Enquirer: 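Below is the structure I would like to discuss, written out as structure tokens.
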Amino acid sequence: MGMRSGALVRRRQLARILRDLRRGSGLTIEELAPRLDFSPSKLSRIENAHQGVDVHVVRTMMDIFGVTGDQWNALLTLTREASAKGWWRAYGLDDQGYVPLEAEAGTVREYTVNYLPGLLQTADYARALFESSLHAGSRAVRENDVDVRMIRQKRLTDPEHPLTLVAVIEEAAVRRVIGDPDVMCAQLAHVLETAELDTVTIQVLPADVGAYQGVTGAFTLLSFETLGEPDIGYVEHPMGSVHIEKAEDVARGRVVFDHLRSLALSPEESAALIERVAMQM
């Protein structure tokens, strides 16, 4: 199973490169589109990653731009990757949600308020969360969702393309019993075990901090260091979810996240608190 096949992010990366090559060639969209037998609007959609493009068109574009050598081969590889179906498609997910973005991210910074991050959840804890949802589907659907969550976690230990997780967790999420005490004890033990990974940093925000910047709700920031793509923010809410791509907004999210880390317990202090809570279960 290809753990990093992420059509959406790859398509964005390809679109940015093609746009830069066109501009570097001194061509406008209106000048290039007829040479590809495209309308300007179709070419614009490709350059904004709203529409895919196949290798035949990319070859023609590279001929026009004068691309040769290693860049030629790299662009064809990227085009094929952008067209590939991600592993999540087999689980009924499309390319528009959170999972395809996380699959290509190098770092996830997550602040959670009411429950533990998905990348740290046991199957039983995740299952209890899905069963409590007002929009819970059939048992088969819930088990499908649990499977997706467990697959996502494999990247934390992937030797080739590891995912780094930096999590700030409200103390309330550590203490809230999801499922039953046995499920929660196993869950907290799993958090402590996962915190030992080099790829994982966990900090608990203690309840006695009081009011602070960011208290309004959970959010996630995804970074794509090796792909050169800008960070993306992600927020879930009761009506759905939203991706945040505006650079100023994402930068503000990073400031808030760093502030939360400065208020939170150290990783060692956080582990000690989680151990105490587990013993009280």
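Here the structure is a predicted model, which is why all the values come from computation and not from measurement.
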Enquirer: According to a 4.5 Å side-chain heavy-atom criterion applied to Ile, Leu, Val, Met, Phe, Trp and Tyr, with indirect links allowed, do L227 and V58 form part of one hydrophobic cluster?
Expert: no
Enquirer: L14, I232: one ILVMFWY side-chain cluster at the under-4.5 Å cut-off?
Expert: no
Enquirer: As a quick check of understanding, evaluate side chain to side chain contact (heavy atoms under 4.5 Å, CB included) for W72 and R59, giving each step before the final call.
Expert: CA-CA 8 Å; W72 172 282; R59 283 196 182 101; 4.0 Å; yes
Enquirer: If only atom types and distance count, is the side chain of R176 paired as donor or acceptor with the main-chain N or O of N114 below 3.5 Å?
Expert: yes
Enquirer: Quick check for you: to the nearest 0.5 Å, what is the distance between H243 atom NE2 and L222 atom CG?
Expert: 8.5 Å
Enquirer: With no hydrogens and no angle check, is any side-chain donor or acceptor of S83 less than 3.5 Å from a backbone partner on T79?
Expert: yes
Enquirer: Walk me through whether L32 and L43 qualify under side chain to side chain contact (heavy atoms under 4.5 Å, CB included).
Expert: CA-CA 8 Å; L32 177 60; L43 182 55; 3.7 Å; yes
Enquirer: Given 3.5 Å as the limit, does a donor-acceptor pair link the side chain of E110 with the main chain of P117, or not?
Expert: no
Enquirer: Any salt bridge linking R261 with D258? Criterion: basic side-chain nitrogen under 4.0 Å from a carboxylate oxygen.
Expert: no
Enquirer: Is atom CG of D198 surrounded by more than 12 heavy atoms (other residues, nucleotides or ligands) closer than 6.0 Å?
Expert: no
Enquirer: Would you sort out whether D95 and W88 count as a side-chain hydrogen bond (donor to acceptor under 3.5 Å, both in side chains), showing the intermediate values?
Expert: CA-CA 8 Å; D95 291 336; W88 51 88; 2.9 Å; yes
Enquirer: Main chain of P267, side chain of Q203: is a donor-acceptor contact present, judged purely on distance under 3.5 Å?
Expert: no
Enquirer: Between the side chain of N48 and the main-chain N/O of H50, is any donor-acceptor distance below 3.5 Å?
Expert: no
Enquirer: Are I17 and F38 connected, step by step, through hydrophobic side chains (Ile, Leu, Val, Met, Phe, Trp, Tyr) whose heavy atoms are closer than 4.5 Å?
Expert: yes
Enquirer: Walk me through it: do R109 and T220 pass the test side chain to side chain contact (heavy atoms under 4.5 Å, CB included)?
Expert: CA-CA 6 Å; R109 297 174 179 83; T220 303; over 6 Å; no
Enquirer: Kindly compute the distance separating CE (M61) from CG (L27), expressed to the nearest 0.5 Å.
Expert: 10.0 Å
Enquirer: Do the non-hydrogen side-chain atoms of L36 and I64 ever get within less than 4.5 Å of each other?
Expert: yes
Enquirer: Looking at L116, is its backbone amide N or carbonyl O close enough to the side chain of Y125 to form a donor-acceptor pair, meaning the two atoms are under 3.5 Å apart?
Expert: yes
Enquirer: Report yes if the side chains of W87 and R152 come closer than 4.5 Å at any heavy-atom pair, otherwise no.
Expert: yes
Enquirer: What is the distance from atom CD of E47 to atom CG of D20, rounded to the nearest 0.5 Å?
Expert: 9.0 Å
Enquirer: Got a second to check how far Y115's OH is from S132's OG, nearest 0.5 Å?
Expert: 10.0 Å
Enquirer: Which is it for E131 and R127 under the salt bridge (Lys or Arg N to Asp or Glu O under 4.0 Å) test, yes or no, and what are the steps along the way?
Expert: CA-CA 6 Å; E131 289 174 348; R127 188 174 292 110; 5.3 Å; no
Enquirer: Should the pair R252-E248 be classified as a salt bridge under the 4.0 Å nitrogen-to-oxygen rule?
Expert: no
Enquirer: Is any side-chain heavy atom of V67 less than 4.5 Å from a side-chain heavy atom of L21?
Expert: yes
Enquirer: Taking only Lys NZ, Arg NE, NH1 and NH2, and the carboxylate oxygens of Asp or Glu, determine whether D145 and R142 approach each other closer than 4.0 Å.
Expert: no
Enquirer: Heavy atoms, side chains only, cut-off 4.5 Å: are R22 and I29 in contact?
Expert: yes
Enquirer: Between R155 (side chain) and H161 (backbone), is there a donor-acceptor pair under 3.5 Å?
Expert: yes
Enquirer: Side chains of F224 and T107, heavy atoms from C-beta outward: is any pair under 4.5 Å?
Expert: no
Enquirer: For the CG atom of L75 and the CD atom of Q71, what is their distance to the nearest 0.5 Å?
Expert: 5.5 Å
Enquirer: Is the backbone of T122 close enough, under 3.5 Å, to the side chain of Q187 for a donor and an acceptor to pair up by distance?
Expert: yes
Enquirer: For R16, what residues pass the salt bridge (charged side-chain N to carboxylate O under 4.0 Å, His left out) criterion, not counting sequence neighbours?
Expert: E229
Enquirer: Within the structure provided, determine whether Y234 and E102 are in side-chain contact (heavy-atom separation under 4.5 Å).
Expert: no
Enquirer: Is there a path from V53 to V9 through hydrophobic residues (I, L, V, M, F, W, Y) whose side chains come within less than 4.5 Å of each other?
Expert: no
Enquirer: Drop me the distance from R11's CZ to L18's CG, to the nearest 0.5 angstrom.
Expert: 12.5 Å
Enquirer: Thinking salt bridges, do R12 and E104 make one under a 4.0 Å N-O criterion?
Expert: no
Enquirer: Check the pair S266 / E269 against side-chain hydrogen bond (donor to acceptor under 3.5 Å, both in side chains), numbers first and verdict last.
Expert: CA-CA 5 Å; S266 70; E269 293 169 332; 3.3 Å; yes
Enquirer: Would you find a donor on one side and an acceptor on the other, under 3.5 Å apart, between the side chain of S223 and the backbone of G106?
Expert: no
Enquirer: Can you spot which of V174, L260, L205, I274 makes a side-chain contact (heavy atoms from CB on, under 4.5 Å) with I169?
Expert: V174
Enquirer: Determine whether a donor-acceptor pair (N or O, by modelled atom type, separation under 3.5 Å) exists between the side chain of S270 and the backbone of V204.
Expert: yes
Enquirer: Taking the side chain as every heavy atom from C-beta outward, state whether I151 and Y91 have any pair of such atoms under 4.5 Å apart.
Expert: yes
Enquirer: Could you walk me through whether T194 and Q153 satisfy the side chain to side chain contact (heavy atoms under 4.5 Å, CB included) test, starting with their C-alpha distance in whole Å, then the side-chain angles of each, then the deciding distance to 0.1 Å, before giving a yes or no?
Expert: CA-CA 10 Å; T194 308; Q153 297 176 5; over 6 Å; no
Enquirer: Taking the side chain as everything from C-beta on, heavy atoms only, tell me whether I202 gets closer than 4.5 Å to L165.
Expert: no
